[in-house]
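When a residue number appears, it is its place in the shown sequence, counting from 1.
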Amino acid sequence: MSVSVVIILLLVFSIAPITVGILCIIKAISLRKKMDIVDLSSDNNTSMYCGECGEKLNLGAAFCKKCGTKVEPVNNVGYQTNSKVVSNGKGMLITGIFLCSVGALMLIIFLLSVALNDRQTNNDTYSDNSYNSEDYSSSSSSSSSSSSGKSSKSSFSIEGKWKNVGSTGFGQAQPGAIVKFDGTNCNFYSPADTYAFYKSGDSYVLDITSVMGGDSMSSKVNVIDSNNIEIKRGSTLLTFKRMT
């Protein structure tokens, strides 16, 4: 599952409980307003409320006209206390607060996930830029040091045998393997690959077409000196040393 899908799910699971929690709180407040603590001894009271759903009823009604619940009798003090409405209201209020808390926690996790994902993206971009800068520096150093025995990139040739001295590889160019470039063919992916090695701007490019697949696979070549090169394809970096 990708990072973006996880972030979307976190957002959904944070908004949903908050929404339901707010609705429960609103319902609890509504039931609170309908609590049937009604003074029946007053001449102004002409109604009472259902103890189950809080529906307003006519004074003296035996059953609720909404839910059909039997109306409880009036107590000795002259008041009818709606205990069920109070209980339902408290339950909904507690449920609403709990759901809002869960949603708020999920929302915090969602925000942290977005922040961490952005930070990782920035780090990846910085790493790529750092590699390009190092590659450019190595190229400049190689070009300026031809008088001391290092090859100038303008005259560099990849023909010959190269050994993978790094810890990563792909195709037949695994760590410790020897790859031979004879001007036309190489054994990078398969024993009889064809290749093209050329300069593009300030960098060298190696295009290899394998007999096992018709597509040409392009890699960037960083010339460290006449006997050491780096070949990068995607996020994989291979290090080679020329065999004499």
Participant: Going through the checks in order, is the side chain to side chain donor-acceptor pair (under 3.5 Å) test met by S190 and S210?
Facilitator: CA-CA 6 Å; S190 61; S210 174; 3.1 Å; yes
Participant: Taking all non-hydrogen atoms of both residues into account, name the closest pair between E159 and G183 and its distance.
Facilitator: OE2-CA, 3.4 Å
Participant: With distance as the sole test, does N185 use its side chain to make a donor-acceptor pair with the main-chain N or O of D193 at under 3.5 Å?
Facilitator: yes
Participant: Using 0.5 Å steps for rounding, measure from the NZ atom of K220 to the NZ atom of K232.
Facilitator: 7.5 Å
Participant: Would you indicate whether the side-chain heavy atoms of V205 and S218 approach each other to under 4.5 Å?
Facilitator: yes
Participant: So which heavy atom on S226 is nearest to which on W162, and how close?
Facilitator: O-CH2, 3.7 Å
Participant: Once rounded to the nearest 0.5 Å, what's the spacing between atom OG1 of T95 and atom CG of L23?
Facilitator: 12.5 Å
Participant: Working to the nearest 0.5 Å, report the span between CG of L238 and CZ of F188.
Facilitator: 5.5 Å
Participant: Which value, rounded to the nearest 0.5 Å, describes the distance between N164 atom CG and T239 atom OG1?
Facilitator: 7.0 Å
Participant: Pairs under 3.5 angstrom only: tabulate donor-acceptor contacts from the side chains of residues 169-181 to other protein residues two or more places apart or in another chain.
Facilitator:
residue: Q174; atom: NE2; partner: G171; partner atom: O; Å: 2.9

Participant: Look up atom OG in S200 and atom CG in L206, then write down how far apart they are to the nearest 0.5 Å.
Facilitator: 13.0 Å
Participant: Please report, to 0.1 Å, the donor-acceptor pairs under 3.5 Å made by any side chain of residues 98-112, with sequence neighbours excluded.
Facilitator:
residue: S101; atom: OG; partner: I97; partner atom: O; Å: 2.8

Participant: Roughly how far, to the nearest 0.5 Å, is CG of N228 from CZ of F240?
Facilitator: 12.0 Å
Participant: Would you please name every residue forming a ring-ring contact (aromatic ring centres under 6.0 Å, His included) with F63, sequence neighbours left out?
Facilitator: none
Participant: Under the side-chain contact (heavy atoms from CB on, under 4.5 Å) test against R242, which residue among D225, I158, N227 passes?
Facilitator: N227
